[in-house]
Amino acid sequence: MAATEETLGRVPLFSGVKTKDLKKLGKRMQERGFSEGDTITMEGETGLGFFVIEEGNATVSRNGRIVRSLGPGDFFGEIALIDKGPRSATVVASTDMRCRGMTAWEFKPFVEEHPDVAWGLMETVVERLRAAEAA
Ligand code: CMP
C-alpha cells in the first residue's frame, strides 16, 4: 500500500505541499470509510469535517438536485469550515468510499501555513460558486 504522504501528494490541492509536510498532514487527517448510500454532509446542517477522497465516488446535491459528482483527488466540506455556516450541499457516497478527514480546528492552521493550498481552495470555491450561479 502506498505511504499516506504519497496518496495525499496525488491530491491536486496538495500538489505544492512538501513531503515532510505531507507526512504531518497524514497524521492530522484520519482515514474515514463510508458505505454506498451514506450521507456525509447534509445541506443546512452544521459540520466539522473537511474531506479528501482517496477511493470511490460521491454525489453533491442542492435543493434535492444532483449538481456534481466527486471522485478520487476531489475534496469537499471546505465551505462550512471557512465561514462556520451551514453545509451548502448534501454529499452522499455513491459507492463505498475511503476518505481522509480533517477537523475544522486543524483545517484553518494548515491552510494558513500553506498559501498554495489556500489559493487552490479559492480556485475551487470560485468554480463551485460559478456553477451554483449558473444552475
Ligand atoms: P460544505 O458546504 O461544507 O458541505 C457540502 C460540500 O459540498 C461543500 O462544502 C463543497 O465542498 C461541496 N459543494 C457544494 N457545492 C458544490 C458544487 N457546485 N460542486 C461541487 N461541490 C460542491
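One-based numbering, in listed order, for ligands and for the atoms of each. Note that the coordinates shown come from a computational prediction; the quantities given were computed from them, not determined experimentally.
Residues Glu54 and Arg98 are paired through a salt bridge, judged by an N-O separation under 4.0 Å between the basic side chain and the carboxylate. Contact check on Glu6 versus Lys23 returns no salt bridge, with no Lys/Arg side-chain nitrogen under 4.0 Å from an Asp/Glu carboxylate oxygen. For Lys24 and Asp21, the salt-bridge test passes: some basic side-chain N is under 4.0 Å from an acidic carboxylate O. Electrostatic pairing of Arg28 and Glu106 does not count as a salt bridge here, judged by no charged N lying under 4.0 Å from a carboxylate O. Between Glu127 and Arg68, at least one side-chain nitrogen of the basic residue sits less than 4.0 Å from a carboxylate oxygen of the acidic one, meeting the salt-bridge criterion.
Taking 4.0 Å as the cut-off, Gly47 does not count as a neighbour of ligand 1 on heavy-atom distance.
From the protein, the heavy atom lying nearest to atom 3 (O) of ligand 1 is Arg87 NH1, 2.7 Å. Here the heavy atom of the protein found nearest to atom 16 (C) of ligand 1 is Val60 CG1, 3.8 Å. The single protein non-hydrogen atom nearest to atom 19 (N) of ligand 1 is Arg68 CG, 3.3 Å, given as residue, atom name and distance. Distance from atom 11 (O) of ligand 1 to its nearest protein heavy atom, with residue and atom name: Glu78 OE1, 2.6 Å. Of all protein heavy atoms, the one closest to atom 17 (C) of ligand 1 is Arg128 CG, 3.8 Å.
The proximity of Leu81 to ligand 1, defined as any non-hydrogen pair under 4.0 Å, does not occur for either the backbone or the side chain. Contacts between Ile79 and ligand 1, counted as non-hydrogen atom pairs separated by less than 4.0 Å, involve both the backbone and the side chain.
For ligand 1, the atoms closer than 4.0 angstrom to any heavy atom of Ala80 are 1 (P), 2 (O), 3 (O). Below 4.0 Å from some heavy atom of Phe76 lie the following atoms of ligand 1, by number and element: 11 (O). Atoms of ligand 1 lying under 4.0 Å from any heavy atom of Val91, numbered from 1 in the order shown and given with element: 7 (O). Those atoms of ligand 1 with a heavy atom of Thr41 less than 4.0 angstrom away are 4 (O), 5 (C). Every atom of ligand 1 with a heavy atom of Ala89 under 4.0 Å away is listed here by number and element: 5 (C), 7 (O), 14 (C).
Of the polar atoms of Ser88, at least one N or O is found under 3.5 Å from an N or O of ligand 1, judged by distance alone. Among the atoms of Gly77, some N or O lies under 3.5 angstrom from an N or O of ligand 1. Checking only distances, Ala131 never comes within under 3.5 Å of ligand 1, N or O to N or O.
Ring centroids of Phe75 and Phe50 are separated by less than 6.0 Å, placing the two rings close together.
A 4.5 Å side-chain heavy-atom check between Thr59 and Val91 finds every atom pair outside the cut-off. Inter-residue side-chain proximity for Ile53 and Met97 is flagged as met; some heavy-atom pair is nearer than 4.5 Å.
Arg100 pairs with exactly one of Leu25, Leu8, Val11 by the side-chain contact (heavy atoms from CB on, under 4.5 Å) rule, that one being Leu8.
Phe51 and Arg32 get closest at one heavy-atom pair: CE2-NH1, 3.9 Å.
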